[in-house]
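Everything on this sheet refers to the single structure shown next.
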Amino acid sequence: MVKQTPTVVNLLPLILLLFFVLTITEVEGAKKSYGVYNKSNNSVKLFVFGDSYVDTGNFVKGGSYKPPSGITFPGKPAGRFSDGRVLTDYVASFLKVESPTPYALRNSSEVEYGMNFAYGGTGIFDTLVDGPNMTVQIDSFEKLIQQNVYTKLDLASSVALVNAAGNDYTTFVLKKKDITHIKAFTESLIEQTSINLKRIHSLGINKVAVGLLQPIGCLPALTVISFHETCLDILNLVSQTHNQMLLQNVLQLNHQMGKSVFVTLDLYNSFLSTIATMKKKRAENSTLMNPLKQCCDGDSLKYSCGSVDDKGEKKYSVCGKPELSFFWDNVHPSQNGWDEVSMLLQSSLGQLTGKNF
């Protein structure tokens, strides 16, 4: 077994290269729309930083503005990398506010529920997508504070949602092509994340929800190698290592603060648990959808969800029941997927409204 390890490791860049080829056309576009929330309670504001899992409208030139995104909610393309709602929407709903306005679409009348700075395809550091990394996103947040768009009182009762890192790993492997240094890279990601979290808190926010890295070996772009039957454990180890370091870092930060400022959202185990439950149900009823396979898929490796040819003809297909899927496309959960995951995050979300809030 020991002798086989280098062979498996050497395959990782090729696996992630396939992942990049299959997903780079997915990371396109976004626009504003909201779910059905309680508009009477707007004392809490939500500020969002990160990637496509939480972006609701900042990547304004691309596929998220085009069919078939948004077919479940709100029934048309609406800026989310999904057929409907994404993680931000569920966190906002838990807080009983509308999803915050995307920074790219802001105006003075659309700031009462906070602001979303997340940008699809970006990361903690610069990635293969030309968009603002998390440091730049926080810079934009600080500018709004300096412009008195938000007061100290606004921020003191607000929540921040932070989610990123998946795109950083893809960029690292494709640029470095040397996974032997991936642990050092993970350490650098965690170090920068710590800087980002402390900075967000220093700007006045007393509750920050931090998403753990999803099991990247379960993404359909990669499970295609196993014919969508199993997750790739070697890639999930990357997520596990990242999350172990991040959890330890968050514990240290909270200890330094003397209170629970930072709360982790366990996307890793929530994804795995939901996938396992859906696989079990499918074993009992073969007509149910495979949770490791995307609902929206390109007609060939040349195409992806939402692709059209030069004549404008569709080069993708959508499953008959998106509401039974876990993944919408190669990398993003469907609304149903996020709905299932969010239910498993309820106890963690509850910490956002604790006594220290």
Side-chain angles (χ1 to χ4, degrees), residues 1-27 50-53 81 120-125 127-129 163-190 193 211-247 264-276 278-279 290-294 297 301 304 326-333 337 341:
M1 294 298 293
V2 176
K3 292 183 179 179
Q4 293 177 358
T5 302
T7 302
V8 175
V9 171
N10 289 336
L11 285 174
L12 185 54
L14 294 176
I15 292 172
L16 287 183
L17 178 59
L18 173 63
F19 165 62
F20 172 70
V21 170
L22 290 173
T23 61
I24 190 62
T25 53
E26 304 276 0
V27 186
D51 56 23
S52 58
Y53 276 22
F81 292 80
T122 64
I124 296 167
F125 299 129
T127 63
L128 299 169
V129 169
N163 187 84
N167 297 314
D168 291 284
Y169 282 106
T170 301
T171 302
F172 172 79
V173 172
L174 292 174
K175 283 190 172 183
K176 303 293 184 182
K177 296 183 174 61
D178 181 6
I179 129 144
T180 59
H181 296 105
I182 199 164
K183 183 179 179 182
F185 180 65
T186 297
E187 291 172 348
S188 68
L189 284 176
I190 300 304
T193 297
L212 299 186
L213 183 61
Q214 69 273 20
I216 57 179
C218 295
L219 301 179
L222 297 171
T223 61
V224 65
I225 295 173
S226 70
F227 301 100
H228 301 295
E229 290 302 319
T230 60
C231 299
L232 303 187
D233 291 340
I234 187 172
L235 291 179
N236 281 349
L237 283 174
V238 175
S239 296
Q240 290 174 23
T241 301
H242 178 96
N243 291 337
Q244 288 169 0
M245 291 186 184
L246 181 55
L247 284 167
T264 55
L265 302 181
D266 193 353
L267 299 186
Y268 183 86
N269 284 303
S270 296
F271 272 48
L272 288 183
S273 179
T274 302
I275 289 170
M278 293 178 72
K279 289 184 75 172
N290 179 356
L292 294 180
K293 188 169 179 16
Q294 64 268 47
D297 195 13
L301 290 178
S304 62
F326 181 78
F327 284 106
W328 167 240
D329 57 24
N330 282 330
V331 292
H332 303 104
V341 166

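A donor-acceptor distance shorter than 3.5 angstrom exists from the side chain of Asn290 to the backbone of His228, with no hydrogens or angles considered. Looking only at distances, no side-chain donor or acceptor of Thr127 sits under 3.5 Å from a matching main-chain atom of Asn167. Proximity of a side-chain donor or acceptor of Thr186 to a complementary backbone N or O of His242 within less than 3.5 Å is not detected. Using modelled atom types, one side-chain atom of Thr122 and one backbone atom of Gly50 make a donor-acceptor pair closer than 3.5 Å. Side-chain atoms of Asp168 come within 3.5 Å of backbone atoms of Ile124 as a donor-acceptor pair (strictly under, hydrogens ignored). Panel note: side chain Ser270, backbone Asp266; a donor-acceptor pair is recorded below 3.5 Å.
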Item to check | Chi angles and distances behind the side-chain contact (heavy atoms from CB on, under 4.5 Å) call for Leu267, Asn163 | outcome: CA-CA 10 Å; Leu267 299 186; Asn163 187 84; 3.3 Å; yes
Item to check | Worked verdict on Leu272 versus Cys218 for side-chain contact (heavy atoms from CB on, under 4.5 Å) | outcome: CA-CA 8 Å; Leu272 288 183; Cys218 295; 3.6 Å; yes
Checklist entry - What's the verdict on side-chain contact (heavy atoms from CB on, under 4.5 Å) for Phe326 and Phe271, showing C-alpha distance, side-chain angles and the deciding distance? => result CA-CA 9 Å; Phe326 181 78; Phe271 272 48; 3.8 Å; yes
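Listed here is the closest heavy atom pair of Asn236 and Cys231: ND2-CB, 3.7 Å. Residues Thr264 and Leu247 share a closest heavy-atom pair of OG1-CD2, 3.7 Å. For the pair Val331 and Tyr53, the tightest heavy-atom approach, listed with the atom from each and the gap, is O-OH, 2.6 Å.
Between Phe327 atom CZ and Asp329 atom CG the span is 9.5 Å, to the nearest 0.5 Å. In this structure, Thr223 OG1 and Ile275 CD1 are separated by 8.5 Å, a value rounded to the nearest 0.5 Å. Atom CG of Leu212 and atom CG of Asn243 lie 4.5 Å apart (nearest 0.5 Å). Annotation: the span from Asn330 atom CG to Gln294 atom CD amounts to 4.5 Å, rounded to 0.5 Å. Rounded to the nearest 0.5 angstrom, Leu246 CG and Ser239 OG are separated by 11.5 Å.
Looking only at side-chain heavy atoms (C-beta outward), Lys279 and Leu292 come within less than 4.5 Å of each other.
Note: Phe185 and Phe125 have tilted aromatic rings, judged against thresholds of 30 and 60 degrees for the angle between ring planes.
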